[in-house]
Amino acid sequence: MVCKLYLVFIFSCVHLIFLSSQQETRFVYNGFDQADLYSNGIARVLPGGLLQLTNATDFQMGHAFFKQPFDFDPSSSLSFYTHFVCALVPPTLGADGGSGIVFVVSPSMDLSHADTGQFLGVFSNGTSSSSSHLLAIELDAVYSIALDELKSPHVGIDVNSPISVESALPSYFSNTLRKNESINLLSGKPIQVWVDYDGSLLNVSLAPMEVQKPNLPLMSRAMNLSEIFQEKMYVGFSASTGNLVSNQYVLGWSFSGGKELLQTLDLSKLPPVPLPSGERNILSPPLIGLVILLVILVLMVLVGVYWYRGKKYSEVKESWEKEYGPHRFSYKSLYKATNGFCKDGRVGKGGFGEVYKGTLPLSRHIAVKRLSHDAEQGMKQFVAEVVTMGNLEHRNLVPLLGYCRRKGELLLVSEYMPNGSLDQYLFPSQNLSLTWLQRISILKDIASALSYLHTGTKQVVLHRDIKASNVMLDSEFNGRLGDFGMAKFHNHGANLSATAAVGTIGYMAPELTTMGTSTKTDVYAFGVFLLEVTCGRRPVEPELPAEKQYLVKWVSECWKQASLLETRDPRLGRDFTSEEVEMVLKLGLLCTNAMPESRPVMRQVVQFLNRDLPLPEFLLDGPGIGAFMPVSMEASSSIGVPILRNSSISLFVTHTILDGHGR
Ligand SMILES: *[C@@H]1O[C@H](CO)[C@@H](O)[C@H](O)[C@H]1NC(C)=O
Ligand SMILES: *[C@@H]1O[C@H](CO)[C@@H](O)[C@H](O)[C@H]1NC(C)=O
Ligand SMILES: *[C@@H]1O[C@H](CO)[C@@H](O)[C@H](O)[C@H]1NC(C)=O
Ligand SMILES: *[C@@H]1O[C@H](CO)[C@@H](O)[C@H](O)[C@H]1NC(C)=O
Ligand SMILES: *[C@@H]1O[C@H](CO)[C@@H](O)[C@H](O)[C@H]1NC(C)=O
């Protein structure tokens, strides 16, 4: 003390008397732990030394005063200097908060009569009298119309009234940038405030913590405080909340009556400002845990989706398939083309699979047949055949575009035939019908296709499942032989007796079970098909009277009774040539001769149909004609359903892929 007095003496002998009286009110608080403060309202010093003037409760106020009054001598020049650090922390950062903090010089420490909210705990509603002797420097966070304030948070100098005599938007002059920088009062960050009064000018400056005192004050106002102050004045702080609330703190405070006596605040020793609970939670360990958990969850979902997509589109691909690359479709492309194999796009359903219509990019229409298979055995051979099939070129074949393999599933892609399968037009249960001209044309188409398969390619291709439901109609009603699900390839001249007996009941040649597949069995099936198309009925119809049940037998019986034409489809009307219908019926009987060697070959059949060759005379009573012997299949399922059965002399196992158009 003595030393400091001595210093003061050197500085100003003239002021010595006042200084000695004013030096009592010279203090610095780096935190208020040890401070001797008078507080009321909800103000309190928190553990750690933070002076909390208000918490976030609405319509509250808090005051804290330095207990010793400041002796101002009105007759002599008076001055004071103060530097404090405060913070306004709204409940959520970035939100509005209220109402504000005030540095106040007051004749009394009791401001309990004051009002909250915009009156800042210092002034009262309605009392604006010069007798209140109040000076307040406000950091006002709330705009009040009633008080004609600036439209946003502001800093103001108030004398006896909440209506500021001077106010400014919170900003500071940056000494380094040499320009004004604005300050957000409600950022929650500590703000330094200086109030300097030298007896004539009152300067107010603001600055963020990290910044030196600005060279230029925010406000500088000429005032004669001797006219306002009384002899004993108290210095302190007030804060209030209204509708809007904030936690309002003072962190440190230095005060002195003389400029040189002002002790510097040690900013590093100031207590920390608690962040609003909402903000603190974001950084709190439980929340961090939660965030991590969420991230992990999202990652897991992503991995799951990825895995699911991988599985959803997963395929079976083996190295030997490389050479068939161009014929291989990705499951994803088929999935997209068929709209996820949606039921609306299903155009056929059978015992062994389903057929979906699909559209590839460039509006190419395809039919996708999904077959279930579980035998990997023979798959290589089958795929090879599928691909070979894709290379077959004949205008009366349904072009096979390619395939795709998945676990337990095989997908065959062919061109889409807009008019569906022939069987839809043949049987009386259907409303659609075809004229004789259309029918004979389709028969010629299929005969031509079959002839091509038997003799026109490098290998002999046996279709093995000729029937109306495997004949498709393109947009011009041309017949197209499709569904090679059971087709078999072999070299010309090879013996095929050892192949499995496959086919559909009613279309299977009697020798199939004993002698196996051959071009002759295809001819037999084609013969049945000829009768089927001409008579408009299925080869076997158990509901009909016994004599009519078997189509082949019935037609030959009718011929015997000279009523061959009666067997024709009544829906043909009159629009047909009798000779042609008779010829086709007879050809059907010729092809279904029980003795394979008596059947014509497909090339001849084509010639007969085109009337390039007359039908050979053959005796009705000749061996094998009309002798329908249903192929007995102990394992046979319902009639018309394709059958796969290895004959007893089968030496190798064929692939177990079967056609799915069973009816
Ligand atoms: C604010 O402080 C008062 C008095 O200390 C207390 O009763 C109240 O619960 C506090 N409110 C909040 C929101 O902390
Ligand atoms: C101030 O007092 C007037 C009349 O006494 C009243 O109408 C007004 O609502 C009061 N304002 C506040 C903010 O309390
Ligand atoms: C900075 O703000 C003060 C007070 O509002 C004003 O007087 C001064 O002209 C401003 N200075 C600059 C460089 O904008
Ligand atoms: C107030 O600021 C002005 C500059 O604007 C300066 O000249 C004056 O000395 C300052 N007064 C005090 C008491 O700091
Ligand atoms: C301030 O007011 C007091 C009392 O009214 C007066 O004595 C003094 O001369 C004034 N000072 C200035 C600088 O105007």
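For reference, positions follow the sequence shown, starting with 1. Both ligands and their constituent atoms are indexed starting at 1 by order of listing.
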Quick check: do V159 and L134 have side-chain heavy atoms less than 4.5 Å from each other?
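Side chain of V159 against side chain of L134, heavy atoms only: no contact under 4.5 Å found.
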Kindly indicate whether the side chain of E415, heavy atoms from C-beta on, has any atom under 4.5 Å from the side chain of H365.
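Sidechains of H365 and E415: no contact.
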Are the charged groups of R221 and E166 less than 4.0 angstrom apart, N to O?
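Yes, R221 and E166 are salt-bridged.
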Salt-bridge present (D33, K269; N to O < 4.0 Å):
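Salt bridge absent between D33 and K269.
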Using distance alone, determine whether N203 and ligand 4 share an N or O pair under 3.5 Å.
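N/O-N/O distance below 3.5 Å exists for this pair.
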Relative to each other, are the rings of W253 and F103 parallel, tilted or perpendicular (30° and 60° limits)?
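Perpendicular.
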For atom 12 (C) of ligand 1, which candidate among N55, I42, T54 holds the nearest heavy atom?
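Residue with the shortest heavy-atom distance to the ligand atom: N55.
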Residue selection (non-hydrogen contact nearest atom 5 (O) of ligand 4) among S205, G199, P217:
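Result: the heavy atom closest to atom 5 (O) of ligand 4 is in P217.
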Counting each atom of ligand 4 from 1 as listed, which ones have a heavy atom of D196 under 4.0 Å away?
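The list of qualifying atoms is 13 (C), 14 (O).
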Out of all atoms in ligand 4, which are within 4.0 Å of some heavy atom of D198? Include the element for each.
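Heavy-atom distances to D198 below 4.0 Å select 13 (C).
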Starting from atom 13 (C) of ligand 1, find the nearest protein heavy-atom neighbour and note its residue, name and distance.
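Answer, as residue, atom name and distance: T57 OG1, 3.7 Å.
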May I ask you to check if K67 and Y38 form a cation-pi contact, with NZ or CZ under 6.0 angstrom from the six-membered ring centre and within 45° of the axis?
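Judged by the rule, K67 and Y38 form no cation-pi pair.
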Sub-4.0 Å atoms of ligand 5 with respect to non-hydrogen atoms of E227:
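Those of ligand 5 that fall under 4.0 Å from E227 are 2 (O), 5 (O).
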Heavy-atom protein contact below 4.0 Å for atom 9 (O) of ligand 1
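There is no protein heavy atom less than 4.0 Å from atom 9 (O) of ligand 1.
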Starting from the C-alpha separation in whole Å, work towards a yes-or-no answer on side-chain hydrogen bond (donor to acceptor under 3.5 Å, both in side chains) for S171 and N180.
CA-CA 6 Å; S171 69; N180 289 341; 4.9 Å; no
Short N or O distance, N224 and ligand 5, threshold 3.5 Å exclusive:
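There is such a contact, yes.
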